[in-house]
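Remember, it's a predicted structure, so these values are computed and weren't measured experimentally.
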Amino acid sequence: MTTSVQELAALVAGGQVVVLSGAGLSTESGIPDYRGPSGVARRHTPMTFQAFTRDAVARRRYWARSHLGWRLIARAAPNAGHRAVARLQDAGLVDAVITQNVDGLHGAAGSDRVVELHGRLDEVICLDCGNLTSREEMDRRLREANPDFVAQVAEVNPDGDVDLPDEQVAGFRPVDCGICGTGMLKPDVVFFGETVPPQRVERCFALVEQARAVVVLGSSLTVMSGRRFVIRAAKQGIPVAIVNQGPTRGDGYATVRVDAPLGDVLPELAERVTGASAVPV
């Protein structure tokens with residue numbers, strides 16, 4: 001089923017919309033997704049929580065690669081899709097955004113009322129004492145601990161990881177918590193094999209149940225973490241629209257389905273329903 005932007009606009013124009021966004025929304029900011037047209041799933045295995053916490057070698061490898069990948073994520077800027085979502089929110093049509101992304105680009109584009117389902121890559125948590133620090137501080141400490149670490153990165157993955165050969169990470173030195181002194185540090189994001197905090201999930205369910213419509217942007221809905229909200233909406237009789245390049249596992253629940261680049265669809269959608277053209281940035 002493929003429908004038009006006009007039908008999507010008719011749904012969004014009624015307001016009380018909750019947006020569920022995925023990695024496909026950030027591809028035009030230079031961050032590839034896992035399963036879409038630029039997907040890296042076939043050649044990249046994301047770090048699992050179990051490997052990170054149990055294997056010191058895997059943890060060192062992760063921090064070496066993520067140390068480089070973070071610099072690329074930090075430089076990424078919101079694209080036309082992110083800005084269009086922010087305009088829809090400013091116009092009072094989008095009540096909240098649930099994002100599966102960890103890049104912070106919704107907030108950078110001006111959106112508020114954003115629930116970051118899988119956490120934030122720009123924060124680091126101690127798994128022992130629970131202290132949160134900024135990724136900038138972590139970056140500074142890792143630079144100091146590894147003054148001679150040099151590697152070249154061609155592409156960053158959606159989780160901020162990059163691919164590096166083992167010989168380039170062999171001498172990398174991770175750091176422990178600067179507060180408790182011994183705690184294991186981890187980006188404050190949900191790794192594969194880890195569960196989303198229950199209170200965060202319940203908040204998302206509540207937002208969905210209060211919505212008049214749910215609009216999915218750039219997610220294949222392959223994993224249940226995001227798909228469960230589409231299923232809940234459908235069970236509640238709440239219309240679901242999906243904008244994504246390629247099929248998704250939620251297509252059977254959609255009343256509106258647009259298969260097209262988000263950078264094209266979302267500015268047109270915002271212009272149709274707000275009457276305001278996109279402002280060049």
Side-chain angles (χ1 to χ4, degrees), residues 1-5 7-13 15-29 31-39 76 78-91 93-118 158 204 207-208 211-223 225-231 233-234 238-251 253-274 278:
M1 173 184 68
T2 300
T3 50
S4 66
V5 178
E7 290 173 87
L8 177 63
L11 183 66
V12 171
Q16 292 180 261
V17 172
V18 167
V19 165
L20 172 63
S21 69
L25 185 58
S26 293
T27 56
E28 292 178 40
S29 294
I31 304 173
D33 61 3
Y34 278 116
R35 299 175 180 89
S38 65
N79 61 50
H82 296 108
R83 295 193 294 271
V85 172
R87 291 202 304 278
L88 293 172
Q89 202 170 33
D90 286 343
L93 299 174
V94 169
D95 287 348
V97 176
I98 301 168
T99 184
Q100 300 172 89
N101 300 338
V102 297
D103 52 38
L105 292 179
H106 276 296
S111 286
D112 57 9
R113 301 186 304 281
V114 178
V115 180
E116 287 156 319
L117 185 65
H118 295 152
C204 293
L207 289 171
V208 167
R212 192 191 57 80
V214 171
V215 177
V216 179
L217 303 176
S219 176
S220 64
L221 300 172
T222 299
V223 296
S225 180
R227 192 166 74 252
R228 57 186 157 185
F229 304 120
V230 169
I231 294 172
I238 299 167
V240 174
I242 298 176
V243 185
N244 189 67
Q245 285 190 271
T248 82
R249 291 193 67 185
D251 288 351
Y253 302 102
T255 54
V256 174
R257 176 71 171 93
V258 179
D259 190 331
L262 290 157
D264 296 337
V265 172
L266 294 181
E268 180 183 346
L269 170 66
E271 185 173 354
R272 282 177 179 266
V273 298
T274 68

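Contact between C204 and V115 at its shortest, heavy atoms only, is SG-CG1, 3.6 Å. Taking both residues in full, the closest heavy atoms of T255 and P239 are given as OG1-CB, 3.8 Å, listed atom of the first, atom of the second, then distance. Considering every non-hydrogen atom in both P267 and A80, the closest pair reads CG-CB, 3.8 Å. The minimum heavy-atom distance between S26 and H82, with the atom names listed, is OG-NE2, 3.4 Å. Closest heavy-atom contact between R87 and A270: NH2-CB, 3.3 Å.
In terms of modelled atom types and a separation under 3.5 Å, the side chain of S29 and the main chain of A76 share no donor-acceptor contact. Although no hydrogens or angles enter the test, the distance criterion places a donor-acceptor pair under 3.5 Å between the side chain of Q89 and the main chain of D112. Checked by atom type and distance alone, the side chain of R113 pairs as donor or acceptor with a backbone atom of D95 at under 3.5 Å. No donor-acceptor distance shorter than 3.5 angstrom exists from the side chain of R249 to the backbone of V223, with no hydrogens or angles considered. Using modelled atom types, one side-chain atom of R227 and one backbone atom of L221 make a donor-acceptor pair closer than 3.5 Å.
Contact of the V216 side chain with the V230 side chain is registered, since non-hydrogen atoms from C-beta on lie closer than 4.5 Å. The side-chain heavy atoms of V85 and R83, taken from C-beta on, include no pair separated by under 4.5 Å. Within the 4.5 Å cutoff, the side chain of I98 has heavy atoms near those of the V208 side chain. Counting only heavy atoms from C-beta outward, the side chains of L262 and N79 never approach each other to under 4.5 Å. With contacts defined as side-chain heavy-atom distances shorter than 4.5 Å, the pair L105/I31 qualifies. For the pair H118/N101, no side-chain contact is recorded, criterion being any heavy-atom separation below 4.5 Å from C-beta on. Side-chain contact check for F229 versus V214: every heavy-atom pair is 4.5 Å or farther apart. Inter-residue side-chain proximity for L269 and L88 is flagged as met; some heavy-atom pair is nearer than 4.5 Å.
S21 meets the side chain to side chain donor-acceptor pair (under 3.5 Å) test with T99, H106; sequence neighbours excluded. With sequence neighbours excluded, the residues satisfying side chain to side chain contact (heavy atoms under 4.5 Å, CB included) with A91 are L93, T274. Legend: residues meeting side chain to side chain contact (heavy atoms under 4.5 Å, CB included) with A13, ordered by chain and number and at least two apart, are V273. For A241, the side chain to side chain contact (heavy atoms under 4.5 Å, CB included) partners two or more places apart in sequence, or in a different chain, are L8, L11, V215, V256. Applying the salt bridge (charged side-chain N to carboxylate O under 4.0 Å, His left out) rule to E268 yields the partners R272; only residues at least two apart in sequence or on another chain are considered. Partners of Q100 under the side chain to side chain donor-acceptor pair (under 3.5 Å) rule, at least two apart in sequence or in another chain, are S219.
Checked options T248, I238, I231; the residue passing with Y253 is I231 (criterion: side-chain contact (heavy atoms from CB on, under 4.5 Å)).
Between N244 atom CG and D259 atom CG the span is 7.0 Å, to the nearest 0.5 Å.
Remark: D251 engages R257 in a salt bridge, criterion side-chain N to carboxylate O under 4.0 Å.
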>> Between V258 and S4, is the side chain to side chain contact (heavy atoms under 4.5 Å, CB included) condition met? List the steps.
In response: CA-CA 6 Å; V258 179; S4 66; over 6 Å; no

